[in-house]
Amino acid sequence: MVAAHGWDLIGAQAVGMRTAFVARPGKAMDPALEQVPTWRGDDLRQLMAQVVAAG
């Protein structure tokens, strides 16, 4: 699940999905997240590079 809003990641994590946070300007991860997202980047290119590197 890729999102720029922490509340979307909270739900995805609750059902066992791997998550990716796009840190758009002015957005921060929600402190309610129980787990750190699997991937984090400032844009989709950074996230894609991390996903590809993870195999």
Side-chain angles (χ1 to χ4, degrees):
M1 169 67 160
V2 177
H5 301 97
W7 60 81
D8 290 326
L9 299 181
I10 292 169
Q13 287 178 346
V15 296
M17 292 178 141
R18 291 183 290 175
T19 57
F21 179 73
V22 180
R24 296 184 337 190
K27 297 292 180 187
M29 283 191 286
D30 193 316
L33 281 172
E34 293 181 15
Q35 303 169 18
V36 175
T38 310
W39 301 283
R40 183 185 184 288
D42 293 329
D43 56 40
L44 291 175
R45 288 179 194 210
Q46 284 184 359
L47 288 176
M48 189 59 149
Q50 292 174 44
V51 171
V52 169

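Just so you know, these numbers use all the heavy atoms, side chains as well, and skip hydrogens, waters and symmetry mates.
The other members of the hydrophobic cluster of Val22, by chain and number, are Val2, Trp39, Leu44, Leu47, Val51 (side-chain heavy atoms under 4.5 Å, ILVMFWY only).
Remark: Met17 pairs with Met1, Ala12, Val15 by the side chain to side chain contact (heavy atoms under 4.5 Å, CB included) rule, at least two apart or across chains. With sequence neighbours left out, Ala23 forms a side chain to side chain contact (heavy atoms under 4.5 Å, CB included) with Phe21, Arg40, Asp42.
Judged purely by atom type and a 3.5 angstrom limit, Gln35 has no side-chain atom pairing as donor or acceptor with the backbone of Gln13.
Of all heavy-atom pairs between Pro37 and Leu9, the closest is CG-CD1, 4.0 Å.
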